[in-house]
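Letters go in sequence order (proteins before strands), and every chain restarts at 1. Everything numeric here is computed off the predicted structure, so don't read it as measured data. Side-chain atoms are counted along with the backbone in the values below, which use heavy atoms only and exclude waters and symmetry mates.
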Number of protein chains: 2
Amino acid sequence: MSKYVATVGSAAYEQIKKDIIYGVLTPDTKLKLGAMKTTYSASVSTIRETLSRLASEGFVVAEEQRGFFVAPVSREDLIEIADLRILLECTALKTSVELGDNEWEANLVAAYHKLHLAEQQILNGDLAITETWKRCDSEFHQAMISACNSDNLLSLHSVIFDKYLRYQMSVLTNRGANAVKEHKRMCDAALKRDTEKAQTILTQHITRGLKHALTAFDTRD
Amino acid sequence: MSKYVATVGSAAYEQIKKDIIYGVLTPDTKLKLGAMKTTYSASVSTIRETLSRLASEGFVVAEEQRGFFVAPVSREDLIEIADLRILLECTALKTSVELGDNEWEANLVAAYHKLHLAEQQILNGDLAITETWKRCDSEFHQAMISACNSDNLLSLHSVIFDKYLRYQMSVLTNRGANAVKEHKRMCDAALKRDTEKAQTILTQHITRGLKHALTAFDTRD
DNA sequence: ATATCCTATTTATTCGAAAATAAAGTCAAT
DNA sequence: ATTGACTTTATTTTCGAATAAATAGGATAT
């Protein structure tokens, strides 16, 4: 199940990206090449290449001649990211619901099922599977919009989704039962080809998540 | 006026990106590290880093263990890019027109003026300033949406805009006088704070450009 | 005490070469 | 002629070291 990684570079990329999203590398941390060399077992050139990639995706900030830093977080940035997720995901959702074929339906049902199982475990208090749960969440949303017929849109969405995920993780806003119900209702609406309803639920889903994240953000130490 | 470049890496980045957008490096071309080393006077590690960045922006395709290629072009991709440009630029335009202050107005008027001058030269047949003209066009559209209050949105738009520009350049679709008029009408609508009108004109502006590009694309050798 | 200049140290940038992999070419067998 | 194994060449990937720049520390002057 874990991703097969051919090169040292792509292994470092996956790991560093994950470490940023899951808060192992905290916002604004200086990413010293010498240190990362040992942590991620790759040469400085390879690490640089990786950080450059992450910088152009916005997970890292590169300052000429001064090195790399984990991208900062802010209230404003969180709002921007949430708004963009609504914009991109709703746009993709519309087309996907309209165009999705049997293959899409089957994939969606499967993804929903896996997500459902993970959500039950989380609701039972099994925090050890947080990463699995979040991957299922990601794959479910991806499955919803996968028939949107625009690879460009999907790849923009993917980056924004991951940035949103970093905020989710940083405040670990378990909206629990509510978010679970929204997933079910959104999935049902999509399968019934009710585009508008699916979009409305998705927008609420993200907006409510944003609200929770914002209050957590405001009241953080 | 030309951008000050501090490092070998960023110089190579700017140049290679420009060469892809302006068609010096044509779609699907294999980008051999050894060759680029001499062309862009940088070491192979530096070139790799640059190509990785361009790959994550989508101007280059990276195939593990097989190297880098200039991103392909296709009818479908062109349509996707145009649609995304409409989505992102219209969204940004709305907020920008609503929020733009005096500073924004002044910047917009200045950018429009520079674009206007360049357009006159182009209409007079001076093709030597094509690159300048396109930069003015880019800066004008950027000025229109600059008050949208979302850096994330602006940076997504910037990448999509450049991808659209590559298609424009590849078919060199001089819609001439028409596009010129659209710029004027859109700028006026924005300054009058007529959001809807500005959005309508922008959508037409891009849609018409797309149509021209598509016919050129279909009838290419 | 504060600012300024110089020095030492850390860190980023860049390079060229070694190792690993893929592609092209060669030749024999069917 | 075409396939398949083997060899050679070309290319990518990875590394460690040389260079260049920024930061930190210390001494001096105001």
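- Summarising the geometry, the separation between CD on E63(A) and P on dA22(D) is reported as 12 Å, rounded to the nearest angstrom.
- A close approach under 4.0 Å does occur between a side-chain nitrogen or oxygen of T46(A) and OP1 or OP2 of dC15(D).
- Counting non-hydrogen atoms under 4.0 angstrom, L51(A) reaches nothing in the nucleic acid.
- The phosphate of dT12(D) (OP1 or OP2) has no side-chain N or O of R66(B) nearer than 4.0 angstrom.
- Rounded to whole Å, atom C1' of dA21(D) lies 12 Å from atom CD of E64(A).
- Residue S45(A) places a side-chain atom within donor-acceptor reach of the base of dC15(C), judged by atom type and a 3.5 Å distance cut-off alone.
- OP1 and OP2 of dT14(C) both lie 4.0 Å or more from every side-chain N or O belonging to S43(B).
- When distances are taken from the side chain of V8(A) to each of dA12(C), dT13(C), dT14(D), the shortest belongs to dT14(D).
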Let me see the working for H183(A) and H205(A) under ring-ring contact (aromatic ring centres under 6.0 Å, His included), right down to the final yes or no. CA-CA 8 Å; H183(A) 281 146; H205(A) 182 61; 4.7 Å; yes
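- Where S41(A) and Q65(A) each meet DNA chain D at their nearest nucleotide, the meeting point lying more 5' is that of S41(A).
- F68(B) has its CZ atom 12 Å from the C1' atom of dT11(D), to the nearest Å.
- No side-chain heavy atom of T215(A) sits under 4.5 Å from any side-chain heavy atom of T219(A).
- Residue K30(A) places at least one side-chain N or O under 4.0 Å from the OP1 or OP2 atom of dA12(C).
- Note on K37(A): a side-chain N or O is less than 4.0 Å away from OP1 or OP2 of dG16(D).
- In this entry the distance linking CD1 of I47(B) with C1' of dT12(D) reads 14 Å, nearest Å.
- The residue R48(A) sits close to a base: some heavy atom pair falls under 4.0 Å.
- Under 3.5 Å, the side chains of S52(B) and E49(A) contain a donor-acceptor pair of N or O atoms.
- Taking atom CD of E49(A) as the reference point, atom P of dC15(C) lies 15 Å away to the nearest angstrom.
- Side chains of S155(A) and S158(A): no donor on one and acceptor on the other come within 3.5 Å.
- In this structure, R166(A) fails the cation-pi test against Y22(A), since its NZ or CZ atom is not both closer than 6.0 Å to the six-membered ring centre and inside 45 degrees of the ring normal.
- Both A42(A) and L33(B) lie near DNA chain D, and the one whose nearest nucleotide falls closer to the 5' end is L33(B).
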